[in-house]
Amino acid sequence: MGIISIGNVVTYAASILKFTDAVGRMAILLNRLKGYAVFAGDYVEYMNLPQRKHEGAIPVEKRRDGKFSVEFDHVSFRYPGSETYVLKDLNLKFEIGEKMVIVGKNGSGKTTFIKLLCRLYDVTEGCIKVNGIDIRKYDYAEYCGLFAVVFQDFQVFSFPLGENVASGSDVDAKRAEEALERAGLGDRYRRLPEGLRTSIGKEFEENGVTFSGGEKQKTAIARAIYKDAPFVIMDEPTAALDPESECEVYAGFDKMVGNKTSIYISHRLASCRFCQDILVFDQGKVIQRGSHEELEHQTGLYRELWEAQAQYYA
């Protein structure tokens, strides 16, 4: 009848199709939002949990000589809801500049000891003191800044190498390069196409490089070196390294940590020979302490572990 033109018919038909498509998409999204709300509710509930840690306000002492003393004073720890103590009545002292190895069987409390020192956990009984002050009285963020830690479950992200080492986008290139060199990754770094800007992994960059497990572990070690904190803590840092690379880490350990306090957890007792102080943990207690030469000639757990490993190299 000529009331509506062909062009209008096409426009209206297309609009109706787009409208129905949009309504369908909205229905799908509304259905998804119902599922997302469950996760969001868990997140809000978690963020609203009360702070269980005591938040201190005392600033960490800025010492020009870098001297810190650490004391575990009758420290015991058990997980919430458990009656079994992971650490029981632990008493020990050490000074900054010392290199210490912690050894023992699985489940003896070695990693828990480190997490208490770093205040990832708070003690159940007793207290930990740094320079004579209970660590719970220190400003939490400042206290955490004292430690550079490489845990067993470290993570290397799909970011540029420099950002992985610096743990942020503000990268001091000279410091990062030095940290990579000291961690034994210098040769690999020099072969990278874009140096510190080279992306690790191909998740976000097609030209990214894939690091082996050992190279990732060295990157995590370089991250700890870059932080330049007074305490360097390494929990099984050579677990993913080949024997040659492991030997390089042992031989260069003094160069890596310098005059800082270093705590080194290892199941490989060959690593104990380069440290002056060895703590032997068993069932949440330190049952032996001394140098390798001293403990090797004492009847006890250290000698048992040493002989158990040494027989495969004899």
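- With hydrogens and angles disregarded, no donor-acceptor distance shorter than 3.5 Å links the side chain of Glu71 to the backbone of Ile128.
- Note that CD of Glu215 is 10.0 Å distant from OG1 of Thr210, once rounded to the nearest 0.5 Å.
- Not one N or O on the side chain of Lys115 forms a donor-acceptor pair closer than 3.5 Å with the backbone of Tyr121.
- Remark: Lys88 is positioned above the aromatic ring of Tyr85, its terminal NZ or CZ atom under 6.0 angstrom from the ring centre and at most 45 degrees off the axis.
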**Request:** List the steps and the verdict of salt bridge (charged side-chain N to carboxylate O under 4.0 Å, His left out) for Arg182 and Glu178.
**Result:** CA-CA 6 Å; Arg182 288 166 60 186; Glu178 182 183 354; 3.8 Å; yes
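- The distance from the CD atom of Glu181 to the CD1 atom of Ile225 is 10.5 Å, given to the nearest 0.5 Å.
- In the model, Glu205 has no side-chain atom that pairs as donor or acceptor with a side-chain atom of Ser199 under 3.5 Å.
- Cluster membership check: Met26 shares its hydrophobic cluster with Tyr36, using side-chain heavy-atom separations under 4.5 Å among Ile, Leu, Val, Met, Phe, Trp and Tyr.
- In this structure, Tyr138 contributes its side chain and Val130 its backbone to a donor-acceptor pair below 3.5 Å.
- Under a 4.0 Å N-O distance rule, the pair Lys174/Asp172 does not qualify as a salt bridge.
- A salt bridge links Arg190 and Asp187; the closest N-O separation between the charged side-chain nitrogens and carboxylate oxygens is under 4.0 Å.
- Contact check for Leu116 versus Val75: side-chain heavy atoms found under the 4.5 Å cut-off.
- By the 4.0 Å N-to-carboxylate-O rule, Arg303 lies too far from Glu296 to be salt-bridged with it.
- Between the side chains of Glu177 and Tyr189, a donor-acceptor pair is found at a separation under 3.5 Å.
- Side-chain contact, Asn8 with Thr11: no donor N or O sits under 3.5 Å from an acceptor N or O.
- Side-chain N/O atoms of Ser76 and Asp89 include no donor and acceptor closer than 3.5 Å.
- Relative ring orientation between Phe77 and Tyr79 is described as perpendicular, the plane-to-plane angle rising above 60° on a 0-90° scale split at 30° and 60°.
- The backbone N or O of Val156 lies less than 3.5 Å from no partner atom in the side chain of Asn164, so there is not a single donor-acceptor pair.
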**Request:** Show your working on side chain to side chain contact (heavy atoms under 4.5 Å, CB included) between Leu279 and Val103 and close with a plain yes or no.
**Result:** CA-CA 6 Å; Leu279 300 182; Val103 299; over 6 Å; no
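- Listed for the Thr198 side chain is a donor-acceptor partner under 3.5 Å among the backbone atoms of Gly195.
- In this structure a side-chain-to-backbone donor-acceptor pair under 3.5 Å is missing from Ser82 to Arg78.
- Electrostatic pairing of Asp73 and Lys129 counts as a salt bridge here, judged by a charged N lying under 4.0 Å from a carboxylate O.
- Between Arg289 and Asp277, at least one side-chain N (NZ, or NE/NH1/NH2) sits under 4.0 Å from a carboxylate O, which counts as a salt bridge.
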